[in-house]
Amino acid sequence: MAYIAVAFVALFLGALAGLLQVLQRTGVIELPAGIGYYQLLTAHGVLLALGLTTYFIIGFLLAGVAKTLGGRLTATARRLGWVGFWVMTVGTVLATYAILMNKGTVLYTFYAPLKASPSFYIGMALLVVGSWISGGAIFLQYRHWKRATGKKLSPLFAYMAVVTYLIWIIATLGVAAEVVLQLIPWSAGWVDRINVLLSRTLFWYFGHPLVYFWLLAAYAAWYVVIPKIIGGKVFSDALARLAFALFILLSVPVGIHHQLTEPGLDSRWKLVHVFLTMMVVVPSLMTAFSIAGSFEIAGRLKGAKGLFGWIKMLPWRDVRFFAPFVGMVMFVPGGAGGIINASYQLNTIVHNTLFIVGHFHLTLATTAVLTYFGVAYWLIPYLSGRTLTPTVNRLGIVQTVLWSVGMLLMSGAMHLVGLLGEPRRTAFTTYGDHPIVQSWEPYRAMMAMGGVFLFLGAVLMVVLAFYLMFAAPKGQTEFPLADTVEDAHDTPVVLERWSLWVGVLAVLILIAYSKPILDAIRHAPPGSPGFVLW
């Protein structure tokens, strides 16, 4: 519950920063009290993409692991969970304070040579280290259950939690190395210059797997929770595990596709990363097939007839289903945009335009976050010993519609105006009233309207979340976990042989990253001093 509470505080603060940011960028307002646009951009990105997501995912996974692996966390796991929480929170407060004091204005990705104060980087390092400690609680609980039961296959949700956290820990090794070995010494003045190419490569070693950390937590809800809510079953235990196992292999060695325009990287290694990125389509399509199968099973169990009669049987007025379903639908254009971003030729058209920002808002802020919202409507009452009332359910539907309309307006406008050339990472400007910029104005208006809708949706979500924590009627709420269609004992045990999957991943990482990183070190340019521009 502590993790979930901090996640929704981060949602409110990040949404407020986002509202002010989009209104300034579109020329609607001038920022008051000396607040900087790029300061807000950093706060918006850090609080939502790292704060909201990491805290919510850890809270969700800890609750699910406790539920499926023994009923409650062991004493050691609980202690680790609390230690991780406080280390993360100290780091988050430290980094947030640096941003508010305009000492961490580095546009979320903290790309060198933009330089923040040491407190920002130390805060980010503590956030990562705290998350590792929290992950230790999940792994300890898993090991305790396996030893106590002697079973070779863990419950499906627990398996998915372990996979999700394995990817997170392996991915964060890169950004931890960047922050501890490069950014903190450089920021503190212990070294004068930084190897920019190496720092960016280490960041994107982490930056793209971060997307799968967000998505796999949502996928766990799609696979295991949603079928129970709609009265169905998991389509296939083995297929679900195989999809997650493939994500172990394909989630990390793909980051250089974010650096296709980076001049210091050999184009042959860029091609390797593009190929591996495209392979991620396979487990994603497996997921789409499996979830659709679960939907149809639920409809048929309720007596649906005809080819598509099962669609009418889905509980469209249940926010626990409706919010994640909208996220699923939005992932279709989001995934298509990802293919564009990772394509050699198409990337050159959209690179560093608002198209990229629109894509981020579809994949994270819609697909993942709407799923988290749907989970929150039952997870918070489950943890607080309260119930989801019909009124909160109706308000949740309204909140989902507000969020979805806002995202369609804002993200849609970002995609379109990005194709017309409007750059990302820039505050409001008319570029000297250039005629091309005048053609962007209708899209800027759409972005501003979308931002307002999104902020209203965020505020309503925060109010409902804290109501469910502290004021909703007392009662028992289920942690919904669906059964599988087939006997789970038919699932191949090799899918839970961690040494195999992590070992193959290690080989792929060595193939994909050893030469580019060695080249970045051996052929390093003189390096760059730090720049503090705002």
Side-chain angles (χ1 to χ4, degrees), residues 1-11 50-92 126-149 154-172 210 212-225 228 244 368-369 371-386 465 468-469 477-481:
M1 181 68 84
Y3 283 99
I4 302 298
V6 174
F8 281 102
V9 171
L11 171 63
L50 292 177
L52 164 66
T53 57
T54 307
Y55 275 94
F56 188 89
I57 290 169
I58 294 174
F60 176 38
L61 297 184
L62 280 173
V65 165
K67 173 69 177 178
T68 57
L69 299 180
R72 64 180 288 113
L73 295 175
T74 65
T76 304
R78 287 177 64 84
R79 283 194 294 271
L80 280 178
W82 277 113
V83 171
F85 170 81
W86 287 113
V87 172
M88 285 177 62
T89 303
V90 169
T92 301
L126 288 174
L127 173 64
V128 171
V129 171
S131 73
W132 292 347
I133 298 171
S134 303
I138 291 174
F139 296 137
L140 275 179
Q141 187 75 13
Y142 173 83
R143 187 180 69 174
H144 173 79
W145 182 88
K146 294 277 279 191
R147 288 179 173 178
T149 63
S154 60
L156 183 56
F157 185 96
Y159 174 85
M160 292 177 168
V162 170
V163 170
T164 302
Y165 231 97
L166 273 176
I167 291 172
W168 170 256
I169 288 180
I170 293 169
T172 50
L210 173 63
Y212 299 113
F213 178 62
W214 299 332
L215 287 175
L216 289 187
Y219 281 7
W222 295 1
Y223 271 108
V224 185
V225 172
K228 179 68 172 180
F244 269 64
V369 169
T371 301
Y372 302 161
F373 291 169
V375 168
Y377 285 113
W378 61 261
L379 178 60
I380 294 175
Y382 167 78
L383 295 173
S384 62
R386 298 179 185 273
L468 291 171
M469 287 181 194
T477 296
E478 178 189 26
F479 192 115
L481 294 168

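Everything numeric in this text was worked out from a predicted model, so none of it was measured.
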From [atom1] ([X]) to [atom2] ([Y]), nearest 0.5 Å:
X    : Y    : atom1 : atom2 : value
L69  : K146 : CG    : NZ    : 10.0 Å
T164 : F244 : OG1   : CZ    : 5.0 Å
R143 : T76  : CZ    : OG1   : 9.5 Å
Y212 : I167 : OH    : CD1   : 9.5 Å
S134 : I57  : OG    : CD1   : 12.5 Å
L140 : R79  : CG    : CZ    : 10.0 Å

| query | Under 3.5 Å, side chain of T172 to main-chain N/O of I169, donor-acceptor pair present? | reply | yes

| said: Keeping S384 on the side-chain end and L468 on the backbone end, is there a donor-acceptor pair under 3.5 Å? | reply: yes

| Which residue, I4, L11, V369, forms the side chain to side chain contact (heavy atoms under 4.5 Å, CB included) with F56? | I4

| task | Identify, with sequence neighbours excluded, every residue that meets side-chain contact (heavy atoms from CB on, under 4.5 Å) alongside A77. | result | L73, T74, A137, Q141

[X] and [Y]: which non-hydrogen atoms are nearest, and at how many Å?
X    : Y    : value
A158 : T68  : CB-OG1, 3.7 Å
M1   : M469 : SD-CG, 3.7 Å
P381 : A376 : CD-O, 3.6 Å
I58  : M88  : CD1-SD, 3.6 Å
Y382 : E478 : CD1-C, 4.0 Å
L80  : G136 : CD1-C, 3.8 Å

| Strictly by modelled atom types, are Y55 and T89 linked by a side-chain donor-acceptor pair under 3.5 Å? | yes

| field | Y142 and W145: CA distance, side-chain angles, deciding distance, ring-ring contact (aromatic ring centres under 6.0 Å, His included) verdict | value | CA-CA 5 Å; Y142 173 83; W145 182 88; 7.4 Å; no

| field | Close aromatic pair by centroid cut-off 6.0 Å: F60 and F157 | value | yes

| task | Quick one: do Y372 and T53 satisfy side-chain contact (heavy atoms from CB on, under 4.5 Å)? Show the steps, please. | result | CA-CA 9 Å; Y372 302 161; T53 57; 4.2 Å; yes

| query | Are the side chains of L127 and L50 in touch, meaning some heavy atoms are under 4.5 Å apart? | reply | yes

| Going by heavy atoms in the side chains, are F8 and I380 under 4.5 Å from each other? | yes

| request: Verify ring-ring contact (aromatic ring centres under 6.0 Å, His included) between F479 and W378, making sure each step is shown before the conclusion. | output: CA-CA 7 Å; F479 192 115; W378 61 261; 4.7 Å; yes

| For W222, ring-ring contact (aromatic ring centres under 6.0 Å, His included) partners two or more places apart | Y219

